[in-house]
Amino acid sequence: MAMEAPIEIVPGCLYWPGWLDRAGQESLAADLRAILAKAPLFTPRMPRTGKPFSVRISSCGRLGWVSDVAGYRYQPTHPETGEAWPPMPPALIRAWAELAGTALAPEACLINWYAPGARMSLHQDRDEEEFSAPVLSLSLGDTALFRIGGTARKDPTRSFRLASGDALLLAGPARLAFHGIDRVFPETSTVLRQPGRINLTLRRVHRAGLSEFPP
DNA sequence: CAGTTACT
DNA sequence: ACAA
């Protein structure tokens, strides 16, 4: 299979602009509408303070990432409905298989919904047990200004735009890099049929084992 | 500090 | 820069 070579933004941070074509984006958007009908977006809150995030989130896959006053964690059920997260659609399994470069299956896909004006401040993805597996990010909808630095908060950062269909991998030395979204640019995509942006973040949570098997 | 605010 |  022909695959265009990614751009390496910083060591370990691989970027495939336009990885998904328009049809692939539309199809994934339809998958997500079905998922969000079963696992509605909810507002995460900061540990201890309870301050709400500006993004709303949901998940698919075996585990979902949640945040509330008690802290950050992965859990197998939606915090408001109590239901298991919907399964990961085949298109996402395929994306992980093609880009992640690991035999470990993805366990969690966090769905971040950025309404116009929503932001995500600089952070690390560090709530997993397994850091040898990369984090895979897919963008859908309006273009965003993404920023990535090093493994220390004070490290210098670089910014670039993530557009609908772009894929980004945080692997190796970039797996624990600080990153965030500074801005979403209005009216830069029609894929979602509404203003805003969706970011999908696929992750391996556990080191290995039983999550490979059906329940 | 996956947060907001102030100021260049 | 913050405040715990």
Side-chain angles (χ1 to χ4, degrees), chain A residues 9-10 12-13 15 32 35-36 39-80 85 88 92 100 106-131 133-162 166-171 173-185 196-206:
Chain A
I9 304 288
V10 295
C13 176
Y15 174 46
L32 291 170
I35 288 166
L36 293 176
L41 292 168
F42 61 96
T43 300
R45 292 181 176 273
M46 290 297 292
R48 191 177 73 257
T49 66
K51 281 187 179 174
F53 290 37
S54 58
V55 299
R56 290 192 300 150
I57 69 174
S58 187
S59 285
C60 59
R62 275 223 156 69
L63 293 169
W65 186 86
V66 303
S67 178
D68 57 27
V69 285
Y72 305 145
R73 65 192 176 277
Y74 285 92
Q75 63 179 46
T77 55
H78 190 289
E80 294 181 355
W85 304 104
M88 252 186 244
L92 293 183
E107 296 176 294
C109 174
L110 174 62
I111 303 164
N112 282 132
W113 165 250
Y114 293 79
R119 299 174 299 128
M120 179 80 77
S121 63
L122 224 49
H123 68 279
Q124 293 172 298
D125 291 16
R126 51 175 295 174
D127 301 312
E128 303 74 31
E129 295 174 355
E130 180 59 81
F131 296 139
V135 171
L136 175 61
S137 154
L138 298 174
S139 295
L140 233 39
D142 287 336
T143 298
L145 186 61
F146 178 78
R147 189 152 59 96
I148 182 167
T151 55
R153 183 175 287 279
K154 59 178 181 57
D155 289 340
T157 61
R158 289 197 47 180
S159 292
F160 61 98
R161 284 164 152 79
L162 288 178
D166 291 354
L168 187 80
L169 198 68
L170 296 178
R175 172 62 181 77
L176 290 171
F178 278 86
H179 60 282
I181 293 291
D182 286 336
R183 182 170 174 204
V184 176
F185 299 101
R197 169 177 188 260
I198 287 176
N199 179 251
L200 303 173
T201 312
L202 308 189
R203 305 186 181 104
R204 179 70 191 192
V205 178
H206 295 129

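Note: hydrogens, waters and symmetry copies are ignored here, and every other heavy atom, side chains too, is used. Quick caveat: nothing in here was measured; it's all calculated off a predicted structure.
In this structure, CZ of A:R48 is placed 14 Å from C1' of B:dA2, rounded to the nearest angstrom. Rounded to whole Å, atom P of B:dC1 lies 21 Å from atom CD1 of A:I148. A straight line from OH of A:Y74 to C1' of B:dA2 spans 11 Å, rounded to a whole angstrom. Following rounding to the nearest Å, A:K154 (NZ) and C:dC2 (C1') show an atom-to-atom distance of 18 Å. With rounding to whole Å, A:I57 atom CD1 is found 9 Å from B:dA2 atom C1'. Protein atom CZ of A:R203 is 12 Å distant from nucleotide atom P of B:dA2, rounded to whole Å. Separating the CG atom of A:L176 from the P atom of B:dA2 is a distance of 13 Å, rounded to the nearest angstrom.
Using a 4.0 Å heavy-atom criterion, one finds that A:N199 contacts no nucleic acid atom at all. Residue-level contact check: A:F178 touches neither bases nor backbone, having no heavy atom under 4.0 Å from any strand. As judged by a 4.0 angstrom heavy-atom cut-off over every strand, A:R73 is placed among residues making no nucleic acid contact.
Listed by chain and number, the residues in a ring pair (Phe, Tyr, Trp, His ring centres under 6.0 Å) with A:F42 are A:H78 (sequence neighbours excluded). For A:F178, there are no ring pair (Phe, Tyr, Trp, His ring centres under 6.0 Å) partners, not counting sequence neighbours. Partners of A:E130 by side-chain hydrogen bond (donor to acceptor under 3.5 Å, both in side chains), not counting sequence neighbours, listed by chain and number: A:S132. In this view, A:P116 and A:P195 satisfy the side chain to side chain contact (heavy atoms under 4.5 Å, CB included) rule, not counting sequence neighbours.
When the P atom is compared between B:dT8 and B:dT4, the two are found 22 Å apart, to the nearest whole Å. Annotation: B:dC1 and B:dT5 have their P atoms spaced 15 Å apart (nearest Å).
Listed by first and then second residue, the salt bridge (charged side-chain N to carboxylate O under 4.0 Å, His left out) pairs involving residues 118-129 of chain A are A:D125-A:R203, A:E128-A:R175, A:E128-A:R203 (not counting sequence neighbours). Listed by first then second residue, pairs satisfying side-chain hydrogen bond (donor to acceptor under 3.5 Å, both in side chains) with a partner in residues 39-51 of chain A number zero, not counting sequence neighbours.
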Check step by step if salt bridge (Lys or Arg N to Asp or Glu O under 4.0 Å) holds for A:E107 and A:R204. CA-CA 5 Å; A:E107 296 176 294; A:R204 179 70 191 192; 3.5 Å; yes
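Within 6.0 Å of CZ on A:R161 lie no more than 12 heavy atoms contributed by other residues, nucleotides or ligands.
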Which pairs would a plain distance check flag for residues 140-152 of chain A, meaning a side-chain donor or acceptor within less than 3.5 Å of a matching protein atom at least two apart in sequence or in another chain?
{"from": "A:D142", "atom 1": "OD1", "to": "A:T188", "atom 2": "N", "distance (Å)": "3.1"}
{"from": "A:D142", "atom 1": "OD1", "to": "A:T188", "atom 2": "OG1", "distance (Å)": "3.4"}
{"from": "A:D142", "atom 1": "OD1", "to": "A:S189", "atom 2": "N", "distance (Å)": "3.1"}
{"from": "A:D142", "atom 1": "OD2", "to": "A:G196", "atom 2": "N", "distance (Å)": "2.9"}
{"from": "A:R147", "atom 1": "NE", "to": "A:D182", "atom 2": "OD2", "distance (Å)": "2.8"}
{"from": "A:R147", "atom 1": "NH1", "to": "A:T157", "atom 2": "OG1", "distance (Å)": "3.3"}

Produce a footprint string for nucleotides 3-8 of chain B: one letter per nucleotide, 5' end first; B if the base is under 4.0 Å from any protein heavy atom, S if only the sugar-phosphate is, - if neither. BBB---
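In DNA chain B, no stem is built from 3 or more consecutive Watson-Crick or G-U wobble pairs with both distances under 3.5 Å.
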